[in-house]
Amino acid sequence: MRTTIKWIWLALALFFIPFINTAVAEESSEEKEEDAETEEKNEVIYANLEASGALENIYVVNAFELNKTGIIEDFGNYESIKNLTDTSEIEQDGNTIRMDATADTFYYQGDLSKELPWDFTITYYLDGEEVDPQTVIGESGQVEIEIKAEKNEEAESVFFDNYMLQISQALNTDYFYNIEAEDATVANSGKNRQIAFTVMPGEEETLTIHADTDQFELEGMEISALPSAVSVEGPDTDALTEEFESLTDAIGEINEGVGELGDGISGLSGGLTDLENGSSEFQNGLNELNNSSGELTGASEEINNAFQAVQEEVSQITGVDGIDQLSGMTEAASNMAAGMEELANELDSLSAGYGDAKEALQTAMDEIPEATLTEEDFQELYDSELDSEMVDELVGTYEAAQNALAVYYESVESFDAVEPALSEFQTSASDISSNIRDFSSDLEESVGQIDIDEGLDEFITSVDTMAENYNQFHEGLVSYTNGVNELSTSYSDIHTGIGEASSGASELATGADELQNGTSELYDATQNIPDEMQEEIDEMISQYDKSDFEPISFVSEENNEVTNSVQFVIQTDSIKPADDTEEVEEDEENEGFWDRLLNLF
């Protein structure tokens, strides 16, 4: 009974099909006169690749969203076309396609002979050796899959520049383990591990998958390309730019600090230079004084010897003959007086020269800053960005200057004692010269009036006293000149240290100037970093922000006005062993319409 009902329905269906077709045809013929009103057109480009990435075939499915059904006119250089919405015919006249759309959404397929915007090259390695994947199906070992996505110079560049690629490869965990894929997103999907790579617009990438396999076989790789139309919002860079502003401010402060340090070092260098000049003058004065000491002591020794000779001669004077001898001594006394005057004048010149040199040294010493730096201050310098060798030289120069200052203050009493002693010797020499000259004058006037007994004895006593006093003066002068010699010798070491400190400070000042120039350049180069960084971030974001991209048709520029979106769906061939499923599919494809219709019952 049921079989009979089925055949009745089948007969009815066969009976009414001609009438239905006639009605549709009549309805279509009535509407053929009117054009469809298209809201938008969307293109999905499908492409099949070989396992190596070579293009096998490419076609597009065009989808029209209609506000009003009717005649649609589209454009494209198709090798063949197929209606995917109904059974109505589609007219193709060169690049012009005409069809009667009876549904609000109308689909048709067009087979293309065209290049993709990307070149894909997929290379397979097994245990480090490049292999043809079809020849190693079922084998085990270490697998490496290298995927290159590059710009196709023969294709329209607008899609390469504005579209983002998503490349996915499924790995069956029954066969693969130790899966690694750098820069990829790895997710679990059932028993598969889904490896997903993203290639940004305008970028060429080489992507790699590593895994171990017990049985090599792969599902087809899926690649989709979509416009990067999502607006990319820039990150909140305020905190980052504030950190850079703090950095540049710190560099600015370092630059100012280095400038102040440079000024201080220049001042120290200038002070040490003045100190060296003053010290040089002082040392020259000491050397001159020391060199004159021999002449002073020699002249004084001659005068002292003369006094001793006079004393000896006077002691032998007796009677009238002695009075006559005194007459001849007046000339010798006058010569002694002249020699003492010359000695006094030389001592006065030396005293003045020494005073000037000592004043220059004191002025230079006063320009050395006091020792206010502590170990903590030195440690801060070492912890700063300054070159450690420069800090070592700065600290060494500072310590040398302080040492020179300390030695000076330790010796200042000796320095101070020289000038008064010179002045005292000069005064004594002047007094002795005056006394000798007075003695000579008085002697000359009173030779004839001296009482032979009492007067002569008194005269001899005064000569003895004068000779003894001068002998003490001479011994003091010799002791003084010996002290000056020791002072000159010891000060030579001080002057050498001052010279080394001055030279080091000069080099340090030059280094500080170079350092300041460097920090100034660094500050100039970094002070705009926050703004430049923001501009760089904005530029980088703009490379991937394609929100203002206006889609164009992949098939024909004549479709651009109505094209709303274009996307690509690409798949590679699977790498699997052959089985019986292909034979079953081929048998099904060979079945006719009536065979399949009868199989429903």
query = With distance as the sole criterion, is a donor-acceptor pair present between the side chains of Asn192 and Thr173 under 3.5 Å?
reply = no
query = Between Phe568 and Trp118, what is the ring plane arrangement, given parallel below 30°, perpendicular above 60°, and tilted in between?
reply = perpendicular
ask   = Are side-chain N/O atoms of Asn83 and Ser88 paired as donor and acceptor at under 3.5 Å?
value = yes
request  = Tell me yes or no: between the side chains of Thr105 and Glu65, is some donor less than 3.5 Å from an acceptor?
outcome  = yes
query = Angle class for the Tyr163/Phe159 ring planes (parallel below 30°, perpendicular above 60°, tilted otherwise)?
reply = perpendicular
ask   = Just wondering, more than 12 heavy atoms not from Asp93 lying within 6.0 Å of its CG?
value = no
ask   = Do we see a donor-acceptor contact under 3.5 Å between the side chains of Tyr78 and Asn62?
value = yes
query = Is there a donor-acceptor pair under 3.5 Å between the side chain of Thr38 and the backbone N or O of Glu40?
reply = no
inquiry  = Less than 3.5 Å apart, any donor N or O on the side chain of Glu217 or Gln215 sitting next to an acceptor on the other?
reply    = yes
ask   = Is there a donor-acceptor pair closer than 3.5 Å between any side-chain N or O of Thr563 and the backbone N or O of Ser565?
value = no
key: Side chains of Ser140 and Asp214, donor plus acceptor under 3.5 Å   = no
ask   = Any side-chain donor-acceptor pair under 3.5 Å between Tyr108 and Asp74?
value = yes
ask   = Looking only at atom types and distance, does a side-chain atom of Asp161 sit under 3.5 Å from a main-chain N or O of Val158, one as donor and one as acceptor?
value = no
task = Would you tell me whether Asn564 and Lys41 have side-chain atoms, one donor and one acceptor, within less than 3.5 Å of each other?
result = no
query = Is there a donor-acceptor contact under 3.5 Å linking the side chains of Asn178 and Glu180?
reply = no
query = Is the closest side-chain donor-acceptor distance between Glu43 and Ser553 under 3.5 Å?
reply = yes
request  = Could you grab the distance from atom CD of Glu203 to atom NZ of Lys151, nearest 0.5 Å is fine?
outcome  = 12.0 Å
query = Would the number of heavy atoms belonging to other residues, nucleotides or ligands and lying under 6.0 Å from CD of Gln142 be above 12?
reply = no
inquiry  = Please check if the number of heavy atoms outside Phe75 that lie under 6.0 Å from its CZ is greater than 12.
reply    = yes
